[in-house]
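Both counts, for ligands and for their atoms, begin at 1 and track the order of listing. Only a predicted model underlies this, so the values are computations on that prediction, with no experimental measurement involved.
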Amino acid sequence: MNTTHENWGSRLGFILATAGSAIGLGNIWKFPYIAGENGGAAFIIIYLGIVFTIGLSVMLAEIAIGRSAQTDAINAFRKIGKPGWTFVGVLAVITAVIILSFYSVVAGWCIAYIVKSAGGTFSGMDAEAIGGSFGAFIGSPVAPIVYHGIFAAVTITIVIGGVSGGIEKTSKFLMPLFFVILVALVARSVTLPGAEKGLEFFLAPDFSKISAHTVMAALGQAFFSLSLGMAILLTFGSYVDRQTNIGKSVVQIAFLDTLVAILAGLAILPAVFAFGMDPAAGPGLTFVTLPTVFNSMPGGYFFAIIFFVLLTIAALTSSISILEPVVAFFTNMGLSRKTATIGSGVVIFLLGIPSSLSVGIWSDIHFIKGQGFLDSASWLTDKLMLPVGGMLICIFTGWVIAPIAIREVSGDGEPGVLTKAWMFILRYVAPIAILLILLSGLEILKF
Ligand code: PFF
């Protein structure tokens, strides 16, 4: 068993690495659009409410389990709970493997778009031509897999470097750079003529759009955005020393994640509206709409390149965080870090290949609900595995190991009112809320 458990070099390193995990493609290509569609500032208020109650509670639960157990996600449940709970860790680690396999494919597209933007591929093209070029690129059998391989190789190289020497060091360098780029993009976007329309779409509060459906959308987005249920926070928590106040840390991490989501909205939507484009979320927004917008924008050549660098950084600091739980488990099984990282990294790379082909030559092969491999893998993790894992983590912390968890956040002192509120959320509020996300995701309940 593991005897040389690693630690973060500093609290700042832990915060930046965890914020780097939380800040990912979800913040950039999903949040701005979901917020705009669901009532702007009214949605943002609800989202904030959810992040700082349920979101923080689940985050704190995962970190508390990890720090208390001082081991990987799979062994943690056995070590501090009862052996019957080990499957929750297994579920979370399998979820991590699946998510990383397709996330790395999409991250590969981001790298390809740095290269394409720098090479001037899109200059002079209209939206239709850019859309055609995107479809042809992701549908081709070789190039996207090569970029997926490059991204996977970079992820593997960083994770081999270890917790403080690899993940922490990289995050301390990349996260400040990320913020500088994001602020530059916001400054460009909000000063374009016609930017107000985008600001209005994103920020003007429309309380009439708030419904149960909106609340569900906010819950699902908060859950994904904070990287909950993926074994990441649990593993990262195990590297936190006893002196660190984890309650304060989770507030700071959630704050940074939400700040980036809002800044991403300010960077993207004003520019999209200034050029009269449609802000629909996801790959279309990122790889078709935005390159079209950059084409017409003063300085667009430069801003296109730094935008795709921004996306790649966001994806990379998330991907290293999600490979780590897998590696932590295998090193605890006795493998060296290098062997564990390369071995799991290569498996993840191979698993990503059918995802890549599923948007091209394998597009006729369907799995779940008539979807191809990539969409099925995304559906399975997003709609089923993450909510189930998250709910079990709440139940485990709130009901099975409550005394250990309470000691973990309040030290030896009496639990204060916040700790009691935390337990109440974990025991009752969060499991019910997550159950609703699950039922609505599976379309058993319609909101
Ligand atoms: N919080 C991340 C995001 O918003 O993109 C979620 C995530 C996805 C984390 C994929 C890690 C990962 F590999």
Shortest non-hydrogen contact between His148 and Phe349, atoms and distance = NE2-O, 2.8 Å
With only distance considered, is Ser318 within less than 3.5 Å of ligand 1 through an N or O on each side?
-> no
What are the atoms of ligand 1, with element, lying closer than 4.0 Å to any heavy atom of Leu25?
-> 5 (O)
In this structure, OG1 of Thr258 is separated from CD1 of Ile44 (nearest 0.5 Å) by 10.0 Å
Contact check, side chains of Arg427 and Trp422, non-hydrogen atoms, under 4.5 Å = no
Side chains of Ser318 and Ser21: do they bring a donor and an acceptor to under 3.5 Å?
-> no
Run down the list Trp29, Phe31, Tyr103 and name the one with the heavy atom closest to atom 8 (C) of ligand 1.
-> Tyr103
Ligand-residue contact atoms, ligand 1 with Ser225, heavy atoms, under 4.0 Å | 1 (N), 4 (O)
Top protein contact for atom 6 (C) of ligand 1, by heavy-atom distance | Phe224 O, 3.4 Å
Ligand-residue contact atoms, ligand 1 with Gly26, heavy atoms, under 4.0 Å = 3 (C), 4 (O), 5 (O)
Does Lys30 make a cation-pi contact with Phe224, if we ask for NZ or CZ under 6.0 Å from the ring centre and within 45° of the axis?
-> yes
Counting from 1, what ligand 1 atoms have a heavy atom of Ile99 closer than 4.0 Å?
-> 10 (C)
Could you tell me whether the side chain of Phe134 reaches within less than 4.5 Å of the side chain of Thr286, counting heavy atoms only?
-> no
Just jot down the ligand 1 atoms closer than 4.0 angstrom to any heavy atom of Ser227, in number order.
-> 1 (N), 2 (C), 6 (C), 9 (C)
Atom 13 (F) of ligand 1 [closest protein heavy-atom partner, distance rounded to 0.1 Å] = Ile322 CG2, 2.9 Å
In terms of residue, atom name and distance, what is the protein heavy atom nearest to atom 1 (N) of ligand 1?
-> Ala22 O, 2.8 Å
Proximity winner for atom 2 (C) of ligand 1, if only heavy atoms of Gly20, Ala19, Ser21 are counted | Ser21
How about Trp109 and Phe287: are their ring centroids closer than 6.0 Å?
-> yes
N/O separation below 3.5 Å, Ser321 to ligand 1 | no
Can you tell if the side chain of Phe87 reaches within under 4.5 Å of the side chain of Leu392, non-hydrogen atoms only?
-> yes
